[in-house]
Protein chains: 2
Amino acid sequence: MDAKPLSSLQELVQSLKLLPGVGPKSAQRMAWHLLQHDREGALRLSNALSDAVSKVTHCLCCNTFTEGEICETCRDRTRDASLLCVTETPADQNIIEQTLAYKGYYFVLMGSLSPLDGVGPKEIHLDRLIKRATDGLVKEVILATGFSNEGEATAHYIGEMLKERGIAVTRLARGVPVGAELEYVDVGTVARALLDRRKS
Amino acid sequence: MDAKPLSSLQELVQSLKLLPGVGPKSAQRMAWHLLQHDREGALRLSNALSDAVSKVTHCLCCNTFTEGEICETCRDRTRDASLLCVTETPADQNIIEQTLAYKGYYFVLMGSLSPLDGVGPKEIHLDRLIKRATDGLVKEVILATGFSNEGEATAHYIGEMLKERGIAVTRLARGVPVGAELEYVDVGTVARALLDRRKS
C-alpha cells in the first residue's frame, strides 16, 4: 500500500522539523501558532525563505553571505588592505566588527576543518583564502577561528600554509575574559594567560 | 533618515523570530543552517507555509484544522453521534484519538477562556459549540479541556451553559497517573483521587 500523501498541515510540521533544534512537539506548536494566530507571519516567513534562497550568495571576495557579487565590507575602500581576518562564520565576523577595534578586511570560511564530518580544506575554500591572502597587499592574516578543537586545528592548518608563503600570521589572544574573577576561570585559560603574559 | 531596507538575510532572520520560542540567536543559526546546508529544505518550508496558509481552514462542524469544509473525523459516519468531546487544541484531540477509548465526535475550541488575554466565549466559538451540542443527537458532552486554571475555568463555564440546556456533561477523571508511585505524585492529585475514589 502506498503511503497516504501528507496533508498540508502535516507537511508544514515535517518542514518545520528541518530547522535546527526543532523537534516534533515544537514543530507542531509552531505550525499551530502560525495557522491560528499569525497567518500573516507565516506568509512573511514563506516569502523571506524563498527570497533569501534566490538572492543570498557568497561574496566572491570574502566568501560571506551577500546579495550582490561583492559584499558591503569588501566594497568599503576605506579599510586597511594590509590586514585580513579569517573567521568561521558571518556571526563571528559580526562580533569582530562590533568591537570597532578592527578596520581590515575579512575572509569567512563558512565552517571549520572537521575531517570526520567530511569537511576538508576544499569545503572551507582554503584555495580561495590563499589566493586572497597572497594578493600582494595583505601583510598580516589574523586567525580568528574559534578556540574549539576544530577551530584550533583550522587555525593551525591555515597558519602553516600561509607561513610557507611568507605571510605574517597572528592568532586572537587567549586569556582571562574581561570582567572575570580569576577563581572562576578554568585552569587552562589561566595557564594560557600566564604563558602569554605581556608587559604592562 | 529612513531606516535602511532589510537585506533578504536580515529579513529571513526577522521572520524566523516570529516562530514561538525562537530568539535572535536561534533565528540566526536557523537562517545560516538553511542557507549554508539546506537550501532545498528552505524552499520546502517556504512552500509548506504558503500552502498551509492557503489551504488549512477550520472544520465547519468541529472547528479543528482541516483542508475541506468538514474534517475526516466529522465525515466518519460510524462514530457515536450521542457523544461530543470538547478539547482545547487539535493536539489534545489527537491524544484522545490515540487512546482508542473514544468513538464519538469532537468540538475543538482552539484555545481556552482567558479574559486577561482577550480570549472570551466568542473567541473560542461557544455559540457554535452550543448549537452543535443541542442538535438533538448529542446526549453527553465530555469536557476534555486541560487541568490548568484556564482549562478548568473553560470547562466550568461550558458545563454551566450546557446543563442549563439539559445536556448531560462529564469531565475527564482526575487522579493518579498510570504507572505512578504514590509518593512522587503531588498532594493535590492524590487528594482528588481520594475524593473521586471508585468501587473496584
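Order of the sequence lines fixes the chain letters, A, B, ..., with proteins taken first and strands second; residue numbering starts at 1 for each chain.
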Take atom CG of N149(B) as the centre, draw a 6.0 Å sphere, and report whether it contains more than 12 heavy atoms from other residues, nucleotides or ligands.
no
Side chain from CB out, backbone as N, CA, C, O: work out which of these in E11(A) comes under 4.5 Å of a heavy atom of chain B, or both, or neither.
both
For a 4.5 angstrom cut-off between non-hydrogen side-chain atoms, does L43(B) reach L49(A)?
no
Closest heavy-atom pair, S8(B) versus V56(A), reported as atoms and distance to 0.1 Å, is OG-CG2, 3.7 Å
Which residue out of D51(A), L12(A), N47(A) racks up the most heavy-atom pairs below 4.5 Å with chain B?
L12(A)
Are any of the side-chain heavy atoms of L18(B) and R44(A) separated by less than 4.5 Å?
yes
Heavy-atom distance under 4.5 Å to chain B: side chain of Q28(A), backbone, both or neither?
side chain
Is it true that atom NE2 of H37(B) has more than 12 heavy atoms of other residues, nucleotides or ligands lying nearer than 6.0 Å?
yes
Could you tell me which of G21(B), P90(B), A31(B), S26(B) has the largest number of non-hydrogen atom pairs under 4.5 Å with chain A?
P90(B)
Assert top hit (heavy-atom pairs under 4.5 Å, partner chain B, pool R39(A), Q14(A), R29(A)) equals R39(A)
Highest number of heavy-atom pairs under 4.5 Å with chain A among L35(B), L9(B), D38(B) belongs to L35(B)
Is H58(A) close to chain B through its backbone or its side chain, or both, or neither, when contacts mean heavy atoms under 4.5 Å?
side chain
If I measure from the heavy atoms of chain A, does Q36(B) come under 4.5 Å with its side chain, its backbone, both, or neither?
both
Residue-level contacts of residues 91-128 of chain B with chain A, using a heavy-atom cutoff under 4.5 Å:
A91(B), N94(B), M110(B), G111(B)
Do L34(B) and L19(A) make a side-chain contact, defined as non-hydrogen atoms from C-beta onward lying under 4.5 Å apart?
yes
With only heavy atoms counted, which part of V22(A) is less than 4.5 Å from chain B, the side chain, the backbone, both or neither?
side chain
Nearest non-hydrogen partners of E88(A) and W32(B), listed with the distance:
O-CH2, 4.3 Å
Do you know which two heavy atoms are closest between S46(B) and S50(A), and how far apart they sit?
OG-CB, 3.6 Å
I need the contact set between residues 157-181 of chain B and chain A: heavy-atom distance under 4.5 Å, sorted by residue number.
none
